[in-house]
2 protein chains.
Amino acid sequence: MLDNTDMQILEELNENSRITMKELGEKVHLTGQAAADRVTKLEEKGVIEGYTIKINQVKLGCYVYAFITIIIRSTNHQPFLSFINTQEKHIISNYKISGDGCYLLECRFPSNEVLDDFLLGLNKHANYKLSIVIKKQ
Amino acid sequence: MLDNTDMQILEELNENSRITMKELGEKVHLTGQAAADRVTKLEEKGVIEGYTIKINQVKLGCYVYAFITIIIRSTNHQPFLSFINTQEKHIISNYKISGDGCYLLECRFPSNEVLDDFLLGLNKHANYKLSIVIKKQ
DNA sequence: TCAAATCCTTTCAATTATCAAGTCAAACAG
DNA sequence: CTGTTTGACTTGATAATTGAAAGGATTTGA
């Protein structure tokens, strides 16, 4: 379904999605038009879901990065999910998981005080285990 | 440091980083030139770290998405870290964390067989807890 | 062998980005 | 109050890219 050139294109776009099609073409030994055609097809197939940026959260004032494992004893997860929906500012992703917990939250907070507020709210609906990210390596 | 227009620009680029500067300008009520100037400054400040794509991993044949909490009893983490470096194909991120484990691996695998191979290798250097992602919501 | 399909290239008009002035308003010192 | 500086924006001309159309290889299947 995808050949080597497509994989190269994905790699290049993953590194710099604002590259011009002409330049992308040069990197994979195609004309700009051929490269653009392939990219359009990758979009249509749904392989490329979108174009986005990497933001430095620390420079935006978010100094605390954490993973929170959620354990819910009740059979009704809705109160927790509703709470999460009110906190989308802090939540990067919510993964429903097998294993130790029911969910894994990937979050960021400007400070430990804000994190503490969040945990106080969270604790009304679920138990949790907190893992602060020290370093992404 | 960053005003409301800058935040809007970040939001727009986060949703679509291949937007033209002219169109971006229209969205935030600036000329294309002014928008491009602001984007350049956001890059120089390091707020924008790069431009990338969202890839549908399932369409690339990666059906298993997992978080693996790593517990190392030994004081020497190097064997584990070296092993990880040989497995970068499967590892999206390696987070050094506080809490239950020493590290949290975000990984993907084409199949449970490949995951099993990975775990066999991993187990020579560390203990682990596996959480399979059922759904990203 | 022929027709259709796929993938690529070339060409050119339309659009966008870039560069260099130039405008405007706020901040500030004399 | 006045003149200067600075930062952020606009304008306009030029260079570069994009997008669309036409056409050339190559492959596939009837």
Side-chain angles (χ1 to χ4, degrees), chain A residues 1-63 88-90 92 108-111 114, chain B residues 1-63 88-89 108 110-111:
Chain A
M1 184 178 172
L2 297 188
D3 63 12
N4 201 46
T5 304
D6 286 324
M7 295 307 291
Q8 265 185 279
I9 286 174
L10 290 177
E11 271 175 40
E12 291 296 338
L13 288 178
N14 201 45
E15 278 196 13
N16 176 16
S17 64
R18 274 195 75 85
I19 193 174
T20 64
M21 286 301 118
K22 190 185 173 189
E23 210 177 328
L24 177 61
E26 280 164 14
K27 295 211 181 207
V28 302
H29 310 297
L30 289 176
T31 59
Q33 283 68 12
D37 286 351
R38 275 176 179 261
V39 169
T40 302
K41 282 188 186 161
L42 289 169
E43 289 168 1
E44 284 167 354
K45 284 177 188 166
V47 177
I48 295 176
E49 294 183 327
Y51 300 89
T52 189
I53 51 174
K54 288 182 236 172
I55 296 179
N56 185 323
Q57 289 297 334
V58 169
K59 301 226 167 163
L60 286 188
C62 278
Y63 298 99
E88 58 180 42
K89 182 173 41 166
H90 299 128
I92 302 165
R108 55 165 178 260
F109 304 92
S111 67
V114 177
Chain B
M1 185 178 173
L2 297 188
D3 64 12
N4 201 46
T5 304
D6 286 325
M7 294 307 290
Q8 268 184 276
I9 286 174
L10 290 178
E11 272 174 40
E12 292 296 339
L13 288 178
N14 202 45
E15 278 196 15
N16 177 15
S17 64
R18 275 195 74 85
I19 194 174
T20 64
M21 286 300 118
K22 189 186 175 189
E23 210 178 328
L24 178 62
E26 281 163 13
K27 296 213 179 205
V28 303
H29 311 297
L30 289 175
T31 59
Q33 180 60 287
D37 285 351
R38 275 178 182 259
V39 169
T40 303
K41 280 186 188 163
L42 288 169
E43 289 168 0
E44 284 167 354
K45 284 174 188 167
V47 176
I48 295 176
E49 293 184 328
Y51 300 89
T52 188
I53 52 174
K54 288 182 235 171
I55 296 180
N56 185 322
Q57 289 296 334
V58 170
K59 301 223 169 167
L60 285 190
C62 277
Y63 299 99
E88 59 180 41
K89 181 173 43 166
R108 57 168 177 258
S111 67

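To find a chain, count down the sequence lines: A is the first, B the second, and so on, and within it residues start at 1. As a basis for the values below, the full set of heavy atoms in this structure was taken, side chains included, without hydrogen atoms, waters or symmetry mates.
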query: Should B/Asp6 and B/Met1 count as side-chain neighbours, where that means a heavy-atom distance under 4.5 Å?
result: no
query: Under a 4.5 Å cut-off applied to non-hydrogen side-chain atoms, are B/Leu30 and B/Asp37 in contact?
result: no
Donor-acceptor pairs are to be reported for all side-chain atoms of residues 45-55 of chain A against protein atoms at under 3.5 Å, with residues two or more places apart or in another chain.
{"residue": "A/Glu49", "atom": "OE2", "partner": "B/Asn56", "partner atom": "ND2", "Å": "3.1"}
{"residue": "A/Tyr51", "atom": "OH", "partner": "A/Glu43", "partner atom": "OE2", "Å": "2.4"}
{"residue": "A/Thr52", "atom": "OG1", "partner": "B/Asn14", "partner atom": "O", "Å": "2.7"}
{"residue": "A/Thr52", "atom": "OG1", "partner": "B/Asn14", "partner atom": "OD1", "Å": "2.9"}

query: For the atom pair CZ (A/Phe109) and NZ (A/Lys89), what is the distance rounded to the nearest 0.5 Å?
result: 10.0 Å
- line: Expected list for residues 5-21 of chain A near DNA chain D, using heavy atoms below 4.0 Å, is A/Thr20, A/Met21
field: Contact list for DNA chain D against residues 26-48 of chain B - heavy-atom distance below 4.0 Å
entry: B/Leu30, B/Thr31, B/Gln33, B/Ala34, B/Arg38, B/Lys41
query: Which heavy atom of A/Ile19 sits nearest a heavy atom of A/Lys27, and at what distance?
result: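 Closest approach of A/Ile19 to A/Lys27, heavy atoms only: CD1-CE, 4.0 Å.
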Residue pair A/Arg108 / A/Cys62: nearest heavy atoms and the distance that separates them: CD-SG, 3.9 Å
query: CG of B/Leu24 versus P of D/dC9: gap in Å, rounded?
result: 12 Å
- request: Take the protein atom NZ of A/Lys22 and the nucleotide atom C1' of D/dT18, then report the distance between them rounded to whole Å.
  value: 11 Å
message: For the CD atom on A/Glu15, are there more than 12 heavy atoms of other groups (residues, nucleotides or ligands in this structure) within a distance under 6.0 Å?
response: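 Open.
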- prompt: Are the side chain of A/Ser17 and the backbone N or O of A/Leu13 linked by a donor-acceptor pair below 3.5 Å?
  reply: no
